[in-house]
Amino acid sequence: MILIKNGRVIDPLNKIDKKQDIIIENDRIKEIGENLDLKYNQKDLKVIDADNLVIAPGFVDVHVHFRDPGLTYKEDIHTGANSAAKGGYTTVVMHGNTSPPLIMPMY
């Protein structure tokens with residue numbers, strides 16, 4: 001299990017904006033609360049100190065330029081997606097300024 005300790009948890013959906021701990025088990029959030037280190041066996045926890053850090057849901061960017069196909073010397077889907085993920089983005093929408101242009105189906 002992973003304990004993320006003392007992070008500023010911002011969750012607009014649940015109206016949370018305060019310092020809390022998060023327990024992650026099997027790649028899923030198991031619990032969010034205060035002083036969770038006292039509730040779980042210390043030797044079973046990998047502790048990450050998130051003091052002065054923000055923990056938030058993944059960000060969305062609806063205007064990315066991955067330049068793939070055609071202009072991959074600037075960026076491609078792989079490098080753009082990796083950069084987005086490292087910045088906390090879980091969803092990105094590619095702009096159509098590629099060569100040839102991306103075509104969106106009309107429904």
Side-chain angles (χ1 to χ4, degrees):
M1 283 191 290
I2 299 171
L3 168 65
I4 302 174
K5 183 106 182 108
N6 295 320
R8 179 180 171 194
V9 176
I10 298 176
D11 181 358
L13 183 64
N14 294 303
K15 298 183 175 142
I16 297 172
D17 184 355
K18 63 182 178 178
K19 271 199 168 190
Q20 290 191 305
D21 299 342
I22 298 175
I23 291 285
I24 299 173
E25 184 175 42
N26 298 323
D27 297 325
R28 302 259 184 215
I29 294 175
K30 180 177 181 177
E31 186 173 356
I32 299 174
E34 296 177 15
N35 300 313
L36 294 181
D37 55 335
L38 303 176
K39 187 174 179 180
Y40 293 89
N41 187 340
Q42 290 289 319
K43 66 180 180 181
D44 294 335
L45 297 175
K46 174 185 176 185
V47 179
I48 298 172
D49 183 14
D51 194 35
N52 294 318
L53 299 175
V54 173
I55 304 165
F59 300 120
V60 177
D61 188 343
V62 297
H63 188 112
V64 300
H65 298 269
F66 286 171
R67 312 290 184 173
D68 195 355
L71 303 168
T72 54
Y73 65 92
K74 292 183 177 184
E75 185 158 48
D76 61 28
I77 292 173
H78 181 74
T79 60
N82 281 342
S83 295
K86 286 184 185 272
Y89 288 84
T90 57
T91 304
V92 294
V93 179
M94 287 177 55
H95 223 246
N97 59 345
T98 58
S99 180
L102 293 174
I103 299 172
M104 301 296 288
M106 300 298 287
Y107 295 104

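Note on Leu53 and Val9: separate hydrophobic clusters, where clusters join Ile, Leu, Val, Met, Phe, Trp and Tyr whose side-chain heavy atoms are under 4.5 Å apart, directly or indirectly. Residues Ile4 and Ile16 share a single hydrophobic cluster, defined by chaining ILVMFWY side chains whose heavy atoms lie under 4.5 Å apart. Hydrophobic clustering keeps Ile32 apart from Leu36 (ILVMFWY residues linked when any side-chain heavy atoms are closer than 4.5 Å, directly or through intermediates).
Nearest heavy atoms, Ser83 versus Glu75: OG-OE2, 4.3 Å.
If you take CD on Gln20 and CD1 on Ile55, they are separated by 9.0 Å, rounding to the nearest 0.5 Å. A distance of 12.0 Å separates CD1 in Ile48 from CG in Asp21, rounded to the nearest 0.5 Å. Between atom CD1 of residue Ile29 and atom CD1 of residue Ile24 there is a gap of 6.0 Å, rounded to the nearest 0.5 Å. Atom CD1 of residue Ile2 and atom CD1 of residue Ile22 lie 11.0 Å apart, to the nearest 0.5 angstrom.
By the side-chain hydrogen bond (donor to acceptor under 3.5 Å, both in side chains) test, Asp11 is found to be paired with Asn14, residues two or more places apart in sequence or in another chain being considered. In terms of the side-chain hydrogen bond (donor to acceptor under 3.5 Å, both in side chains) criterion, residue partners of Thr79 (sequence neighbours excluded) are, by chain and number, Asp76. Residues satisfying the side chain to side chain contact (heavy atoms under 4.5 Å, CB included) criterion with Lys15, sequence neighbours excluded, are absent altogether. Residues that satisfy the salt bridge (Lys or Arg N to Asp or Glu O under 4.0 Å) test with Lys19, not counting sequence neighbours, are Asp51. In terms of the side chain to side chain contact (heavy atoms under 4.5 Å, CB included) criterion, residue partners of Val62 (sequence neighbours excluded) are, by chain and number, Val60, Val93. For Glu25, the salt bridge (Lys or Arg N to Asp or Glu O under 4.0 Å) partners two or more places apart in sequence, or in a different chain, are Lys30. Qualifying side chain to side chain contact (heavy atoms under 4.5 Å, CB included) partners for His65, counting only residues two or more places apart in sequence or in other chains: His63, Arg67, His95, Asn97. By the salt bridge (Lys or Arg N to Asp or Glu O under 4.0 Å) test, Asp61 is found to be paired with no residue, residues two or more places apart in sequence or in another chain being considered. Taking the side-chain hydrogen bond (donor to acceptor under 3.5 Å, both in side chains) definition, one finds that Lys39 meets it with Glu31, sequence neighbours left out.
The ring pair (Phe, Tyr, Trp, His ring centres under 6.0 Å) pairs that include a residue from residues 27-46 number zero, where partners must be two or more places apart or lie in different chains. The list of ring pair (Phe, Tyr, Trp, His ring centres under 6.0 Å) pairs with a residue in residues 71-92, not counting sequence neighbours, reads Phe59-Tyr89.
Here Val54 sits in one hydrophobic cluster together with Ile10; the rule is ILVMFWY side chains under 4.5 Å apart, joined directly or through other members.
Two residues are said to be in side-chain contact when any heavy atoms from C-beta on lie closer than 4.5 Å; Met94 and Ile77 meet this criterion. Asn35 has its side chain within reach of Lys5: a pair of non-hydrogen atoms, C-beta onward, lies under 4.5 Å apart.
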